[in-house]
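Everything on this sheet refers to the single structure shown next.
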Amino acid sequence: MSRVRDLLARFDAYQQRRAVLAVPLAVLRKFSDDGAGNRAALVAYYGFFSLFPLLLLFTTILGFVLAGSPSAQSAVESSVLKQIPIIGASLKSGSLSGSGLGLAVGLVGALLSGMGVTMALQNAFNTVYAVPQRDRPNYLGARWRSLKLLFILGVLQLVSTAVAGLVAGGLGGALLTVAGIVVSLLLDFVTFYAVFRLMIDADVTTRELWPGIAIAAVAWELLQALGGIYIGHVVKGDKQTYGTFAVVIGLLVWIYLGARVVVYAAEINVVLARRLWPRSLLGGTKEPADRKALEGLAKIEERAPGETVEVTFDDDGPD
């Protein structure tokens, strides 16, 4: 045991001298300190249930708009449903149709479940940025911020559909593939810019958000590609054995990984902007970054105006 502890101490000292190691390890430490994994799981939980009413609303609206145009319906299905690789292939087998009842159910369900996603994400970001409870938006303010994000994401989805259709209609072959990736990546950048800018307090400058936005956009593009690989090599081959279970498990994992990516991206922004490295791997508080991070966690509990949480450290912790 002492041998292992000695090796950890040596590695701890080494990573403190190397930013290329110190920064990633500081992100992992902060992610753990914040309990960010549980918060990402909550985002994924609401995200899973929001997907189906959103798809119902989407297909119903397009069923009205594109009625009588099978070619347009096919182009829309190919451009949009590929963004949901786990179940997109199954949904393509159906047809877009308009229904008043479907529109009402989809609208209410999408609004309620979408609010759950954005509120969970907003709470996760507030924890990552150590925003005191008293300084967070009130009940109405938080929901107004969430509604604005839902509206912007809806508009971006419509733009994504239109742009993807234009790309598919004017290009072919390898050029189509490259153009599709570029357009998708640009739209991901815009989407995550909206997410980070609206969900994070305005006191945080936009310049501090760009590293996380870039990481989230690229990682989301990779997750879509991995979803396609999963469908091609796992779900397709095991459909006779696992059937719906393989689809549901794959969808849950995909959404959860996406939620973790977004929260990790926010953690990276905070670590870089506040220089929260190097961190001790052995749980001590000898490093200034350890004390600064732990102090921020404690001050989250400031709930009432005038309430101040003071943090003191009696010792440096274990050597």
Side-chain angles (χ1 to χ4, degrees), residues 20 23-51 54 80 82-88 113-114 116-130 146 149-150 152-153 156-157 160 181-200 204 206 208-231 234 248-274 276-277:
V20 69
V23 173
L25 290 174
V27 172
L28 292 175
R29 275 294 308 273
K30 191 172 186 310
F31 188 90
S32 176
D33 291 342
D34 294 340
N38 292 334
R39 300 185 184 280
L42 186 59
V43 174
Y45 170 82
Y46 284 110
F48 178 78
F49 286 104
S50 70
L51 189 59
L54 283 171
V80 176
K82 70 178 182 180
Q83 298 181 31
I84 314 171
I86 305 299
I87 59 174
S113 57
V117 175
T118 53
M119 288 297 298
L121 187 59
Q122 191 174 167
N123 288 331
F125 281 175
N126 282 333
T127 300
V128 169
Y129 276 85
S146 296
L149 179 61
L150 286 178
I152 291 174
L153 292 180
L156 287 174
Q157 186 61 72
S160 173
I181 293 174
V182 172
V183 169
S184 179
L185 192 56
L186 288 175
L187 289 172
D188 287 341
F189 266 92
V190 176
T191 298
F192 284 109
Y193 171 80
V195 170
F196 278 71
R197 187 62 282 172
L198 286 176
M199 294 290 98
I200 295 173
V204 178
T206 300
E208 295 178 14
L209 302 178
W210 281 117
I213 292 171
I215 291 170
V218 173
W220 187 255
E221 194 69 21
L222 292 175
L223 278 176
Q224 289 180 335
L226 289 175
I229 294 173
Y230 178 84
I231 284 293
V234 179
V248 172
I249 292 173
L251 182 61
L252 279 170
V253 171
W254 185 68
I255 294 175
Y256 178 59
L257 288 176
R260 284 183 72 95
V261 161
V262 175
V263 178
Y264 265 121
E267 296 280 16
I268 291 171
N269 283 342
V270 176
V271 170
L272 292 177
R274 300 180 181 178
L276 297 180
W277 83 87

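All values derive from a computational prediction rather than experimental measurement. Sequential numbering from 1 along the given sequence is applied to the chain's residues.
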Report task. Test V190 against L156 for side chain to side chain contact (heavy atoms under 4.5 Å, CB included), laying out the working first. Result -> CA-CA 8 Å; V190 176; L156 287 174; 3.6 Å; yes
Nearest heavy-atom pair of [X] and [Y]: which atoms, and what distance?
X	Y	value
P211	L272	CB-CD1, 4.1 Å
A217	L185	O-CD1, 3.9 Å
A26	V271	CB-CG1, 4.0 Å
L252	F48	CD2-CD1, 3.5 Å
V261	A219	CG1-CB, 3.4 Å
A259	A40	CB-O, 3.4 Å

How long is the straight-line distance from [atom2] of [Y] back to [atom1] of [X], given to the nearest 0.5 Å?
X	Y	atom1	atom2	result
L121	Y46	CG	OH	13.0 Å
E267	D33	CD	CG	9.0 Å
I213	D188	CD1	CG	12.0 Å
I268	L209	CD1	CG	13.0 Å
L198	Y193	CG	OH	8.5 Å
L257	Y264	CG	OH	11.0 Å

Query raised in the report: Is the backbone N or O of L28 less than 3.5 Å from a side-chain atom of S32, with the two atoms forming a donor-acceptor pair by type?
Result: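 No.
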Report task. Check for a donor-acceptor pair, side chain of W254 on one end and backbone N or O of L223 on the other, with a separation under 3.5 Å. Result ->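 Looks like yes, one N/O pair under 3.5 Å.
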Query raised in the report: For the residue pair F125 and F196, is the inter-centroid distance of their aromatic rings smaller than 6.0 Å?
Result: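 F125 vs F196: aromatic centres under 6.0 Å.
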Requested in this report: Flag the pair Y45 / F49 as yes when their ring centroid distance falls below 6.0 Å, and as no otherwise.
Outcome: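 Ring centres of F49 and Y45 closer than 6.0 Å.
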Hey, are the side chains of [X] and [Y] touching, using non-hydrogen atoms and a 4.5 Å cut-off?
X	Y	answer
E208	N269	no
L51	L251	yes
K30	V128	yes
R260	F31	yes

Requested in this report: Determine, stepwise, if the pair V263 / R39 fulfils side chain to side chain contact (heavy atoms under 4.5 Å, CB included).
Outcome: CA-CA 8 Å; V263 178; R39 300 185 184 280; 5.7 Å; no
Requested in this report: Describe, in one word, how the ring planes of F192 and W220 are oriented to each other, choosing from parallel (under 30°), tilted (30 to 60°) and perpendicular (over 60°).
Outcome: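 Because their plane-to-plane angle is over 60°, the rings of F192 and W220 count as perpendicular.
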